[in-house]
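Below is one structure, written out as structure tokens; comments come after it.
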Amino acid sequence: MKITTTSNRMFSLLVLYDMQTLYFERALDKISDEDAHKRLDTKANHIAWLSGSLVQQRYEIANLLGYSEKQKAAELFKEGKGIQDDTKYPPLSQFLDDWKKISPIVKDLLAKITDQKLDEKFEMMPGMSLTYYELITFIIYREANCIGQIALWRRLLGYDALRYDDM
């Protein structure tokens, strides 16, 4: 698939974005909703929380860039809310549906973002300002990190390894 961007700085990030869009879907392949909530006697974030958090992140960047919809489970993840013990998270199929809905929207928004917008600063939280470019770069990094955690959970829970072939 050919990637065209308004800003040259976005090309490599969108290559990674496309890879991670596919890898996330593969990472969840065949994982049961029961297994998605297992923490194996640790305090680690389970697959269900990691999945919802990734979906939330894509919706939040879309919202910053003018899109107004939210994922179905937004209340569980709003304002950077961490994992909640004893909370039953939605089925992975719901997160996948929201992921498939928002991913092409975010890709289009990122492909069209201008250098001027990328250099614009905004207050992320009190006392912390970032440019849009810094935020997008961090988000791409965090997606890879979370997908890697899900890939590790696959192995710990006895599932086949995440497939990285056939891009």
Side chains of [X] and [Y], heavy atoms from C-beta outward: is any pair under 4.5 Å?
{"X": "Thr131", "Y": "Leu118", "result": "no"}
{"X": "Leu130", "Y": "Phe138", "result": "no"}
{"X": "Lys72", "Y": "Val55", "result": "no"}

*asked:* Determine whether Thr114 and Ser7 satisfy the following criterion, side chain to side chain contact (heavy atoms under 4.5 Å, CB included), listing intermediate values before the conclusion.
replied: CA-CA 5 Å; Thr114 65; Ser7 169; over 6 Å; no
*Lys NZ or Arg CZ of Arg58 over Tyr17 ring: under 6.0 Å, within 45°*: yes
*Please assess Leu65 against Val106 for the test side chain to side chain contact (heavy atoms under 4.5 Å, CB included), listing each intermediate value before the final yes or no.*
CA-CA 9 Å; Leu65 298 174; Val106 172; over 6 Å; no
Separation of [Y] [atom2] from [X] [atom1] (nearest 0.5 Å):
{"X": "Glu69", "Y": "Ile102", "atom1": "CD", "atom2": "CD1", "value": "7.5 Å"}
{"X": "Cys146", "Y": "Trp49", "atom1": "SG", "atom2": "CH2", "value": "6.5 Å"}
{"X": "Leu157", "Y": "Leu40", "atom1": "CG", "atom2": "CG", "value": "5.0 Å"}

Basic-acidic side-chain contact under 4.0 Å: [X], [Y]:
{"X": "Asp97", "Y": "Lys101", "answer": "no"}
{"X": "Arg9", "Y": "Asp119", "answer": "yes"}
{"X": "Lys88", "Y": "Asp33", "answer": "no"}

_Other residues, nucleotides, ligands: >12 heavy atoms within 6.0 Å of Lys81 NZ_ =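 Yes, because the 6.0 Å sphere around NZ of Lys81 holds more than 12 heavy atoms from other groups.
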*Assess whether atom CG of Asn8 is packed by more than 12 heavy atoms of other residues, nucleotides or ligands within 6.0 Å.*
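Not buried by this count: 12 neighbours or fewer within 6.0 Å.
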Classify the ring geometry between [X] and [Y] as parallel (under 30°), tilted (30 to 60°) or perpendicular (over 60°).
{"X": "Phe77", "Y": "Phe95", "answer": "perpendicular"}
{"X": "Tyr89", "Y": "His46", "answer": "perpendicular"}
{"X": "Tyr59", "Y": "Tyr67", "answer": "tilted"}

_Checking Glu120 against Gln116 for the side-chain hydrogen bond (donor to acceptor under 3.5 Å, both in side chains) test, could you report, in this order, the C-alpha distance in whole Å, the side-chain angles of both residues, the deciding distance, and whether it holds?_
CA-CA 6 Å; Glu120 185 181 314; Gln116 180 181 1; over 6 Å; no
Heavy-atom pair of closest approach, residues [X] and [Y]:
{"X": "Glu123", "Y": "Ser129", "value": "CA-OG, 4.2 Å"}
{"X": "Leu96", "Y": "Phe24", "value": "CD2-CE2, 4.1 Å"}
{"X": "Ser32", "Y": "Leu92", "value": "O-CD1, 4.4 Å"}
{"X": "Met10", "Y": "Ile113", "value": "CG-CG2, 3.6 Å"}
{"X": "Ile31", "Y": "Ala36", "value": "CG2-N, 4.1 Å"}
{"X": "Trp99", "Y": "Glu143", "value": "CH2-OE2, 4.1 Å"}

*Under 3.5 Å, is there a donor-acceptor pair between the Asp98 and Gln94 side chains?*
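Short answer, no.
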*Taking Arg39 for its side chain and Ala44 for its backbone only, find out whether a donor-acceptor pair lies under 3.5 Å.*
yes
_Using side chain to side chain contact (heavy atoms under 4.5 Å, CB included), reason through Leu50 and Ile147 one step at a time and then give a plain yes or no._
CA-CA 8 Å; Leu50 288 164; Ile147 292 166; over 6 Å; no
*List the steps and the verdict of side chain to side chain contact (heavy atoms under 4.5 Å, CB included) for Leu54 and Arg142.*
CA-CA 9 Å; Leu54 281 171; Arg142 184 178 179 275; 4.2 Å; yes
*asked:* In this structure, would Leu64 and Tyr133 fall into the same cluster of hydrophobic residues linked by side-chain contacts under 4.5 Å?
replied: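 Both belong to a single hydrophobic cluster.
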_Tyr141-Leu13 co-clustered via ILVMFWY side chain contacts under 4.5 Å_ =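 Each belongs to a different hydrophobic cluster.
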*May I have the step-by-step check of salt bridge (charged side-chain N to carboxylate O under 4.0 Å, His left out) for Asp29 and Arg26, ending in yes or no?*
CA-CA 5 Å; Asp29 186 46; Arg26 286 182 179 178; over 6 Å; no
